[in-house]
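Owing to the predicted nature of the structure, the values given are computational and were not obtained by experimental measurement.
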Amino acid sequence: MQEPGKTLDEMTLRERSSIMSMVAEALEETAGQAQEIGDIRYAANSTCLANTIRGLVSDLSPRELRAAAILLEQGISLVASFEDRMRGGSALH
């Protein structure tokens with residue numbers, strides 16, 4: 001049976017840093033793919049969000065957790081929408 005997911009508040013600092021880095025890496029990877037197909041807007045937005053998430057990794061104080069959670073949700077959503085678009089073959093040019 002699978003364990004229920006943890007919130008950022010329930011994670012250790014190492015777990016928080018790890019998930020934030022993972023989402024930032026996914027954003028950077030899809031930004032590169034978007035750049036290759038000419039989707040400049042997605043590439044720019046994804047890169048900016050990845051940089052913002054990376055900037056928060058060094059300051060994960062309790063008062064920043066809500067902001068970090070929102071940024072992670074946005075990053076995951078952005079990557080998922082890009083991947084869905086790519087699977088559907090409707091890349092923007």
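Between the E83 side chain and the A80 main chain, no donor and acceptor come within less than 3.5 Å of each other.
Cluster annotation: V79 and I37 are assigned to the same hydrophobic cluster (Ile/Leu/Val/Met/Phe/Trp/Tyr, side-chain heavy-atom contacts under 4.5 Å, transitive). In the hydrophobic clustering of this structure, L13 groups with L72; members are Ile, Leu, Val, Met, Phe, Trp, Tyr whose side-chain heavy atoms approach within less than 4.5 Å, directly or through other members.
Atom CG in N45 sits 11.5 Å away from atom CD1 in I40 (nearest 0.5 Å). Atom CD in E73 sits 13.5 Å away from atom CG in L78 (nearest 0.5 Å). Between the CZ atom in R16 and the CE atom in M11 there is a gap of 8.5 Å [rounded to 0.5 Å]. Summarising the geometry, atom CD1 belonging to I76 is positioned 12.0 Å from atom OG belonging to S81; distances are rounded to the nearest 0.5 Å. Between R66 atom CZ and T7 atom OG1 the span is 11.0 Å, to the nearest 0.5 Å.
A ring-ring contact (aromatic ring centres under 6.0 Å, His included) check over residues 54-74, counting only residues at least two apart or in different chains, returns nothing.
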Please list, one pair per line, the donor and acceptor atoms closer than 3.5 Å that link side chains of residues 18-35 to other protein atoms, with sequence neighbours excluded.
from : atom 1 : to  : atom 2 : distance (Å)
S21  : OG     : S17 : O      : 3.0
E28  : OE1    : R54 : NH2    : 2.9
E28  : OE2    : R54 : NE     : 3.0
E29  : OE2    : Q33 : NE2    : 3.3
T30  : OG1    : A26 : O      : 3.1
T30  : OG1    : L27 : O      : 3.1
T30  : OG1    : Y42 : OH     : 2.7

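The heavy-atom pair separating I53 from L71 by the smallest distance is CD1-O, 3.8 Å. The minimum heavy-atom distance between A67 and L56, with the atom names listed, is C-CD1, 4.3 Å.
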